[in-house]
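Structure first, commentary second.
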Amino acid sequence: MDALTRLHRSLVGGGGDEEEDLPEESILGDTEDLCSLSQLQRVYAFAACLAAGLALMILSFIVFARPIKFAVMFTFGNMLAVGSTAFVMGPQKQLRMMFDPVRLYATAIYVGCVVLALIFALWIHDKLLTLIAIICEICALFWYSLSYIPFARRMVSDLMVKFCDTEL
């Protein structure tokens, strides 16, 4: 008997060890069909998505002289790499964590820079604006990633103040 079944029986008050079919509208009926991937398949999907994203980001540097192709490849690779974690933790939890108040500004800047980079590259065809958007995208992703490491943002902020401080 799995943990969810035991939890359901303890909450509902079902006694005994007999196996009985749970109705369709029960808590288990709602959660069983949410994800049809096994844990191993999720790990494989995460690895494949992350590898494809990293490959696109690395290959984008080959066409660095052509900023528009670079921006498109780098941005899609970046989105694949960030989206790969949805296979591990689930898309709802990832979105909830991305829009947590601690990460809200970094997420908004990252998503905005992704959109701007694609707009500048695909519609406006401006190389300088595309590169600026890509640089901002990388910085926002770096700052977003630091939010998962305790005290990392504070440490980086203190280091930047220390290195950039002109007063001695």
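Treat the numbers as computed from the prediction; the structure is a model and nothing was measured. Basis for what follows: all heavy atoms, side chains included, without hydrogens, waters or symmetry-related copies.
To the nearest 0.5 Å, the span separating CZ on Arg42 from OG on Ser84 amounts to 14.0 Å. Remark: Thr75 OG1 to Met57 CE distance equals 10.0 Å, nearest 0.5 Å. Rounding to the nearest 0.5 Å gives a distance of 14.5 Å between OG of Ser60 and CZ of Arg66. Atoms CD1 and CG, from Ile138 and Leu141 in turn, are 8.5 Å apart once rounded to the nearest 0.5 Å. Rounded to the nearest 0.5 angstrom, Tyr44 OH and Ser38 OG are separated by 9.0 Å. With rounding to the nearest 0.5 angstrom, the OG1 atom of Thr107 is 10.5 Å from the CE atom of Met97.
Taking each heavy atom of Ala121 and Val72 in turn, the nearest pair found is CB-CG2, 4.2 Å. Shown here for Met98 and Tyr144, the closest heavy-atom pair between the two residues is CG-OH, 3.1 Å. Residue Cys113 comes nearest to Cys136 through the heavy atom pair SG-CB, 3.4 Å, listed as atom of the first residue, atom of the second, then distance. Considering all non-hydrogen atoms of both residues, Ser36 and Gln41 come closest at O-OE1, 4.0 Å. In plain terms, the two heavy atoms of Thr85 and Gln94 that are nearest each other are OG1-NE2, 2.9 Å. Shortest non-hydrogen contact noted between Leu80 and Ala52 is CD1-CB, 4.1 Å.
Hydrophobic clustering, with ILVMFWY side chains joined whenever heavy atoms are under 4.5 angstrom apart, groups Met79 together with Trp123. With hydrophobic clusters built from ILVMFWY side chains whose heavy atoms lie under 4.5 angstrom apart, Ile109 does not share a cluster with Leu129. Taking hydrophobic clusters as Ile, Leu, Val, Met, Phe, Trp and Tyr residues chained together by side-chain heavy-atom distances below 4.5 Å, Leu56 shares a cluster with Ile62. Taken together through direct or relayed side-chain contacts under 4.5 Å among Ile, Leu, Val, Met, Phe, Trp and Tyr, Met155 and Val161 form parts of separate hydrophobic clusters. Both Leu95 and Val115 belong to a common hydrophobic cluster when Ile, Leu, Val, Met, Phe, Trp and Tyr are linked at side-chain heavy-atom distances under 4.5 angstrom.
Listed by chain and number, the residues in a ring pair (Phe, Tyr, Trp, His ring centres under 6.0 Å) with Phe70 are Phe61, Phe64, Phe74 (sequence neighbours excluded). For Phe163, there are no ring pair (Phe, Tyr, Trp, His ring centres under 6.0 Å) partners at least two apart in sequence or on another chain.
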- prompt: Which is it for Val156 and Leu146 under the side chain to side chain contact (heavy atoms under 4.5 Å, CB included) test, yes or no, and what are the steps along the way?
  reply: CA-CA 9 Å; Val156 170; Leu146 287 178; 3.6 Å; yes
message: Using side chain to side chain contact (heavy atoms under 4.5 Å, CB included), reason through Ile68 and Phe120 one step at a time and then give a plain yes or no.
response: CA-CA 8 Å; Ile68 293 174; Phe120 293 153; over 6 Å; no
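Shown here is Phe151, whose CZ atom has no more than 12 heavy atoms of other residues, nucleotides or ligands within 6.0 Å.
Geometrically, Arg103 does not engage Tyr110 in a cation-pi contact, judged by NZ or CZ lying under 6.0 Å from the ring centre and within 45° of the ring axis.
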